Amino acid sequence: MSSTEIKSERYDFKTIEAKWQRHWQTSGLFKAPAKPDPKNKFYMLEMFAYPSGDIHMGHFRNYIIGDAVARWQMMKGKDVLHPFGWDSFGLPAERAAIKRGIHPKEWTMSNIEASRKTLQKVGILYDWDREVVSSEPDYYKWTQWFFIQLFNKGLAYRKKGFVNWCPEDKTVLANEQVKDGRCERCDTLVEKKEQVQWYFKITDYADRLVDGLDTLEGWPEHLKAIQREWIGRSYGAEIDFTIEESGEKLPVYTTRPDTIYGVTFMAISPESEILNSLNLDSEKQQQVDEYRRAAMAKTDIERTAASDEKDGVFTGKYAFNPFNDEKVQLWVADYVLAGYGTGAVMGVPAHDSRDFTFAKKYDIPIKVVIHPNKDTMLNVNEMDDAYTDAGPMVNSGEFDGLSGQEAIDAVTEHAETHNIGRKKKQFKLRDWLISRQRYWGCPIPIIHCRKCGEIAVPEDQLPVILPDVENFIPKGRSPLEDVPEFVNTKCPECGGEARRDADTMDTFVCSSWYYLRYLDAKNDKAPFDKEKADSWLPIDLYIGGITHATGHLIYFRFFQKFLKDIGWSNFEEPAIKMFNHGMVSDASGEVMSKSKGNVVSPISLMDQRGVDVTRLAMFFTAPSAKEVLWSDNSLTGVEKFVLKKLYPLNEKFRSSGCDLKQYFKKSDISESDWKLYLKLNQTIKRVSESYQQLHFNTAISALMELIRDYEQSQLKSDQLNDYIIVKAVQLIAPMAPHLAEELWQQFGLADTGSIFKSDWPEFDPEAITSDTVKIAVQINGKLRDTIIVAVDCDQETVEKAAFDSSRVTSYTNQGEIKKIIYVPGRILNIVVK
RNA sequence: GCGAAAGUGGCGGAAUUGGUAUACGCGCUGGAUUUAGGAUCCAGUUCUGCAAGGAGUGGGGGUUCGAGUCCCCCCUUUCGCACCA
């Protein structure tokens, strides 16, 4: 007979778990009201999940945090909304379906079924009535509706451009989906292709996306920093250079207009259109064409890998610096990015490292126009890198002597008044490329008519249904292209022959608004009802991985802002608090993965040791934000605690019928009982604070201490005995819900309803501090003794008590007492010299 | 290279934010019980020292009566950005 079986005779977790999971579902414990009291609501949300069918330790951790918080908030009397749904469109489903030779829809739906059951088995409570499935027409109808709203405002548009192309997945990717020049999903090197694609004009919201971060006090600073950097706002000036002969304007963006007199060349990106209109000599033209071809054939990695290598080709043409009419060489160089600024830069080798490297390589003149300060001069021949800091301008005509922001402002102002430039703000953020050449996604609701152009599908004709097709294997162009009954249609404007857009949307579009659909999931007239949605918004706590910092977490903020602009919401930001939990790795710190064979399934663990034990073990191992190095040893301590201490409380309960709402009075109970009552109230305080910070590990250790002290004392008062037991069980309930609910019933309290409908314990402010305190007595800051005194004791009495100790006097006798510092209730420090 | 966060026993981690460092748990050591193993119970467990004592929160300096906590320099680790002009 194994030990587990012996234990389970007493704590039969399988029966208990099944019983309460059934009960919570049938009683609708987590059914949220349609409209809550906005001042007393809590919207708890974990990130939209792809239905993979199983659940790994990382998911498990994510979900139990959300579950514990939701249950806790419910006990605190809040109207709680805790919904769940499935991000079911996209590549993984399609890939899995191809592998198994079944349709993605079939695969998706059976996975959702399995995943939902798993979550229920883990005891995670959601309001399943609000479940959404992004690949179902009743959901993606509204994804299309959003597209059309954006389209109508000019925020969804098509343009030709160089895009990231993944040759493995045979689709284009957004900038956010390319990591280190590789496809985020399959790690294939991304190529560049010039194609017409759909974009969302997120750059229109760039300022608000940056500025809004300052209002998000509940978001981790680290995460906000990542977003700020990604959006990459910078201030500078655009300055118009002029091309020799043609006189054509060639504007450049610079953050350092104060270096304008140091320009010795200009460089244009190989992708730039300007190069086509330069009228180059045939020899130069050939060299330039060849360079452009070579540069564009390179992947981003190749182009950026050797970042200290800079190369380019001289075009044979010149441009004029509008500030001093100096003639400078015009180059093509692939270190200049096409998508940023104007796709051309002014080269200031003395004050920009990249320009410096480039100029050195091609013997382009270097001209110093900034000095570190008035007394330190730069000598071109001695420079081995550019001087990029601020400093007084020199060799700059009327601007000499100005420095820093003052210099920048003066130069910019000069440019503006002479109409040769202007103040400019730039962003690194690009528009969001949302079209994909894949089958399993939300169709783009646009009809292309030869006469009328791009026409949005009228709203009453939504959804544009994704047709059921046999052959959805990616081949480099949209599979829907080859479905005539889908593509061929009539123009809604003129009624003539027209074609449907055959691309599907990036799944990140689907997940940009799902949090709103939960608020009115069944609405077939609108994506949601504004009143209902605004009564729940914003999300009070949003839990998910930091990996989405520059993707989803920017996109959904963009959508919320857009909704506000079109009058569909009163809120500017979707989530007031964001929390990133740490990863779960194996015991040696390796990420768990199938190929490494180190994956621990939370499901089999829970089968063997119980859901609540597994939950508590995960909570206890580390604070939620930190990485967990999981080993099954993590279970040992909490398992003992549950089996030997917590569950056996049912035998210690005395059924005294105590009043849970009352506080005890010191005069009514014995001194030793009072001591434990103090411990209880300190524990309530500590545990509540721990929940607030999602530091469940310290909540558990506080409860372990309480139960330890409880067992060591024999309580005289039956009332207090029961009071402490019940409060302790309430305190652990959000983390170990089945166990707590079971004990609650065994205590005979179930008549009043679920433990999660009971009042979260409040500490008795009269019973936080004991009336005696231990004071540390220090000599010169070093602990020498401790004394116990009354809490309201004055300094004189404490000193007297301290000097009664020979351990203290043996030090004070060795010198003169210079000073005595007393921190009431804590420390007495005697300075001896 | 730039930016951010972190560094506490053998291990996971605590420390009311400047006030008794190492709570709670794991592991380990000794003892009890047991035919044995496992399980359980009791005691111990930062290092050093027989002890009194001394040292001690990555290293070095500083502020303070008092520093894991604040300031400066350095080292290490993790993460993010990486030609954004």
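What you see is a predicted model, and the numbers here were worked out from it, not measured in a lab. Chain naming here is simple, since letters A, B, ... match the order of the sequence lines and numbering starts at 1 in each.
By the rule that a glycosidic angle within 90° of 0 means syn, U17(B) counts as syn. G9(B) shows a glycosidic angle within 90° of 0 and is accordingly assigned syn.
A ring-centre distance under 6.0 Å is not found for Phe265(A) and Tyr362(A). Ring centers of Phe620(A) and Phe696(A): at least 6.0 Å apart, outside the cut-off. Ring pair Trp432(A)/Tyr555(A): centre-to-centre distance below 6.0 Å.
A perpendicular orientation is assigned to the rings of Phe323(A) and Tyr261(A), their planes being inclined by more than 60° (bins at 30° and 60°).
Distance noted for atom C1' between G9(B) and U45(B): 10 Å (whole Å). Spacing between G61(B) and A55(B) at atom P, rounded to whole Å, works out to 15 Å. Rounded to whole Å, the separation between the P atoms of U35(B) and C24(B) comes to 34 Å. Using C1' as the reference atom, C71(B) and G80(B) are 27 Å apart when rounded to the nearest Å. Rounded to whole Å, the separation between the C1' atoms of G19(B) and A51(B) comes to 30 Å. Taking atom P in both C50(B) and A43(B), the straight-line distance is 26 Å, to the nearest Å. When the P atom is used for both U17(B) and A32(B), the distance is 48 Å, rounded to whole Å. The separation of A6(B) from A15(B), taken at their P atoms, amounts to 14 Å, rounded to a whole angstrom.
In this structure, the side chain to side chain donor-acceptor pair (under 3.5 Å) partners of Ser690(A), at least two apart in sequence or on a different chain, are Thr698(A).
In summary, the side chains of Ser234(A) and Tyr253(A) do present a donor paired with an acceptor at a separation below 3.5 Å, with no hydrogens or angles considered. Between the side chains of Gln329(A) and Trp331(A), a donor-acceptor pair is found at a separation under 3.5 Å.
Comparing atom distances between the Ala622(A) side chain and each of C83(B), G19(B), G13(B) picks out G13(B) as nearest. Here the nucleotide nearest the side chain of Ser701(A), chosen from A23(B), A85(B), G27(B), is A23(B). Closest to the side chain of Pro623(A), from the set A85(B), C81(B), A14(B), is A14(B). The listed nucleotides are C65(B), C83(B), C24(B); the one nearest the side chain of Ile821(A) is C65(B). The side chain of Thr621(A) sits closest to G12(B) out of C26(B), G12(B), G80(B).
Taking atom CD1 of Ile732(A) as the reference point, atom C1' of C24(B) lies 13 Å away to the nearest angstrom.
Residue contacts shown for Glu627(A) are limited to sugar-phosphate atoms, with no base heavy atom under 4.0 Å away. Residue-level contact check: Val348(A) touches neither bases nor backbone, having no heavy atom under 4.0 Å from any strand. Using a 4.0 Å heavy-atom distance criterion, Thr786(A) is classed as a base contact. Leu337(A) comes within 4.0 angstrom of a nucleotide base, judged by non-hydrogen atoms across all strands. As judged by a 4.0 angstrom heavy-atom cut-off over every strand, Val823(A) is placed among the base-contacting residues. Counting non-hydrogen atoms under 4.0 angstrom, Lys774(A) reaches a base of the nucleic acid.
One finds no side-chain N or O of Arg784(A) lying less than 4.0 angstrom from the OP1 or OP2 phosphate oxygen of G66(B). When the side-chain nitrogen and oxygen atoms of Lys640(A) are compared with OP1 and OP2 of C26(B), one or more of them lie within a distance under 4.0 Å. At least one side-chain nitrogen or oxygen of Tyr340(A) sits closer than 4.0 Å to the OP1 or OP2 atom of A85(B). Residue Asn697(A) has a polar side-chain atom (N or O) positioned under 4.0 Å from OP1 or OP2 of A14(B). Phosphate proximity of U40(B) to Lys644(A): present, with a side-chain N or O under 4.0 Å from OP1 or OP2. For Ser234(A) and A85(B), the shortest distance from a side-chain N or O to OP1 or OP2 is below 4.0 Å. For C24(B), the OP1/OP2 oxygens have a side-chain nitrogen or oxygen of Arg708(A) closer than 4.0 Å.
Glu271(A) has no carboxylate O lying under 4.0 Å from a charged side-chain N of Arg292(A), or vice versa, which leaves the two without a salt bridge. With respect to Asp334(A) and Lys310(A), no salt bridge is recorded, no charged nitrogen being found less than 4.0 Å from a carboxylate O.
Comparing Thr255(A) and Glu705(A) by the nucleotide of RNA chain B that holds the closest heavy atom to each, the one mapping nearer the 5' end is Glu705(A). Residues Leu783(A) and Gly341(A) both approach RNA chain B. Their nearest nucleotides, taken by heavy-atom distance, put Leu783(A) toward the 5′ side.
A donor-acceptor contact under 3.5 Å links the side chain of Lys310(A) to the base of C83(B).
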Worksheet item: Tell me, what's RNA chain B's dot-bracket, Watson-Crick or G-U with both distances under 3.5 Å, | for other-strand, [ ] crossing?
Response: (((((((..(((......[....)))((((((.......))))))(((....)))..(((((..]....))))))))))))....

